[in-house]
2 protein chains.
Amino acid sequence: MNSVNETTRDRRRVETQERILTEARRLFAETGYDRTTIRAVAAAAQVDPGLVMHYFGSKQQLFARAAETESRPIVEGTAEEVAEQLLERLRESLIDEPVASLAVLRSMLTHPDAADEIRGNAHVRGSNIGKAIHGVDGELRSDVLSALLIGVVLGRHLLKLDHLADADPDKIVELLGPAVRSLTKG
Amino acid sequence: MNSVNETTRDRRRVETQERILTEARRLFAETGYDRTTIRAVAAAAQVDPGLVMHYFGSKQQLFARAAETESRPIVEGTAEEVAEQLLERLRESLIDEPVASLAVLRSMLTHPDAADEIRGNAHVRGSNIGKAIHGVDGELRSDVLSALLIGVVLGRHLLKLDHLADADPDKIVELLGPAVRSLTKG
DNA sequence: GGAGTCATTCAACGACCGTAGAACGAAATT
DNA sequence: AATTTCGTTCTACGGTCGTTGAATGACTCC
């Protein structure tokens, strides 16, 4: 039986799968979907490429698993409240964006699945703006905000724009305060 | 001799090279560096893959030629003047970003050369912000502005975020006015 | 302890890629 | 008209990739 007695096989299997997922996330985030090969993931996880296929079925499915992130919707409220939530999420993203999110961001321009995930749920650190922004052109302003936040996280963690990559997160958030607030207001 | 008498061979050669470059730009912009194959470019230009190699030497060099853009520095001035220039460039980029720029943007996350071009000359439609922004944290604010503009152009032309892709450029520029102006001011 | 499950490896296939070099044929030069 | 140039194609090599299916051997269960 299972679910009661955990066999050593169960443990090993889960450990191996998570080791593969960790290395896959890292490589997807570092080099994107296309340049990350199943062979490289397997090597990094000290495992045979066939095992990766056995557990995850295909490269696409491996990416889907590696790119899973928790979606944390922005709660509705006044323009100021929404702005403060977004800036706090941005602050977290600047300090340490989850590797899974970076994998999606790195791949979004060349892998349709990654683009879909961004499009369907434009987010930074799983921040689903959704319908938290109301007023005139609410949907457009929401998209613009998503684009801005994506740009900043991209510039810092992936493009590594010289001064943006090194700057104090609080300083960046402070600079972006007026910009974000001006866009949450209808 | 040459440079005086233009032979039909000269004409044909230039025509073919430009046809190849046009198709290369289009494909690089649509699918990025890695997914664009020399074979596909050759087929689109109705030419043999070997001819592409013969004219451009390698895939990297083909990309370099296809991705060439004119750099148009932002001229220094008051914070308001710089902001107005940036917003005007953004407006142009929203209406019709050059294919060569889109090729660089599409490839910047997976092709090191494209990333270098963005980093060394963070631009949208060749807008080199350079040292046009002064004051406290001038360099950081310049990088943040680059990141914002990249995000918006990316969201509209490449990610095609639903409402951002369809919106009136003037409306978007209007929405971003306060954000851009708040960042040009020291 | 013997049968069976399953985590893991191994070897290989077929497809596609960038690239190189020989070959051909039409235009240019003399 | 003969010869050279060169735009263009053809064929092929070596490499890498995703994926498969059989083989192996350790663990599990009755």
Side-chain angles (χ1 to χ4, degrees), chain A residues 1-24 27-28 30-67 107 110-114, chain B residues 1-24 27-28 30-67 107 110-114:
Chain A
M1 300 309 144
N2 59 12
S3 86
V4 179
N5 270 342
E6 187 195 43
T7 139
T8 64
R9 270 225 278 245
D10 292 341
R11 214 176 314 121
R12 279 225 199 292
R13 185 186 55 235
V14 173
E15 274 174 17
T16 303
Q17 288 184 0
E18 292 197 344
R19 184 154 29 93
I20 294 173
L21 275 178
T22 299
E23 297 300 328
L27 288 168
F28 281 134
E30 281 176 7
T31 61
Y33 182 82
D34 287 324
R35 295 196 172 198
T36 298
T37 68
I38 287 205
R39 287 168 143 95
V41 171
Q46 291 171 315
V47 142
D48 187 90
L51 190 60
V52 179
M53 294 298 298
H54 182 247
Y55 281 138
F56 299 95
S58 72
K59 185 179 176 182
Q60 293 221 23
Q61 293 176 58
L62 172 64
F63 179 80
R65 289 287 308 277
S107 307
T110 45
H111 186 40
D113 290 3
Chain B
M1 302 307 149
N2 59 10
S3 86
V4 178
N5 270 342
E6 187 195 44
T7 142
T8 64
R9 269 225 277 246
D10 292 340
R11 214 177 314 121
R12 279 226 200 287
R13 186 187 55 236
V14 173
E15 273 174 16
T16 304
Q17 287 183 2
E18 293 197 343
R19 185 154 26 96
I20 293 172
L21 275 179
T22 299
E23 297 299 329
L27 287 169
F28 281 134
E30 282 176 5
T31 60
Y33 183 81
D34 288 324
R35 286 168 118 102
T36 298
T37 68
I38 288 204
R39 289 168 142 93
V41 171
Q46 291 173 315
V47 142
D48 187 271
L51 191 60
V52 179
M53 294 297 298
H54 183 247
Y55 281 138
F56 298 95
S58 69
K59 185 179 176 181
Q60 293 223 23
Q61 293 176 59
L62 172 63
F63 178 80
R65 289 286 308 278
S107 306
T110 44
H111 186 38
D113 290 3

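Computed from a predicted structure; not experimentally measured. Hydrogens, waters and symmetry mates play no part in the numbers below; they use all other heavy atoms, side chains included. So that the names make sense, note that chain A is the first sequence line, chain B the second, and so on, each numbered from 1.
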Check every atom of [options] against the side chain of [X] and return the nucleotide holding the closest atom.
X	options	answer
B/Lys59	C/dT8, C/dT19, D/dT8	C/dT19
A/Asp48	D/dG7, D/dT8, C/dC10	C/dC10
A/His54	D/dC27, C/dA7, C/dA28	C/dA7
A/Met53	D/dT20, D/dT8, D/dC27	D/dT20

On the nucleotide [N], are OP1 or OP2 found under 4.0 Å from the side-chain N or O atoms that [X] carries?
X	N	value
B/Thr8	C/dA27	no
B/Arg9	C/dA28	no
A/Thr16	C/dT8	yes
B/Thr37	C/dC16	no

| query | Judged by modelled atom types alone, do A/Thr36 and A/Thr31 share a side-chain donor-acceptor pair under 3.5 Å? | reply | yes
When the distance from [atom1] of [X] to [atom2] of [N] is rounded to whole Å, what number comes out?
X	N	atom1	atom2	answer
A/Phe56	C/dT8	CZ	C1'	14 Å
B/Asp10	C/dA28	CG	P	8 Å
B/Tyr33	C/dC17	OH	C1'	12 Å
A/Leu51	D/dA22	CG	C1'	16 Å
A/Ile38	C/dT8	CD1	P	16 Å
A/Arg35	C/dG18	CZ	C1'	13 Å
B/Arg13	C/dA28	CZ	C1'	13 Å
A/Tyr55	D/dT19	OH	C1'	18 Å

| Hey, does the side-chain of A/Arg39 have a donor or acceptor N/O within less than 3.5 Å of a partner on the base of D/dT16? | no
| B/Arg65 side chain vs B/Phe56 backbone, donor-acceptor pair below 3.5 Å | no
| request: Could you tell me whether the side chain of B/Arg39 and the main chain of B/Pro49 form a donor-acceptor pair under 3.5 Å? | output: no
| message | For a 4.5 angstrom cut-off between non-hydrogen side-chain atoms, does A/His111 reach A/Gln60? | response | yes
| Is the shortest heavy-atom distance from the side chain of A/Arg11 to the side chain of A/Glu15 under 4.5 Å? | yes
| request: Using heavy atoms to find the nearest nucleotide of DNA chain C for A/Arg12 and B/Gly57 separately, return the residue whose nucleotide is more 5′. | output: A/Arg12
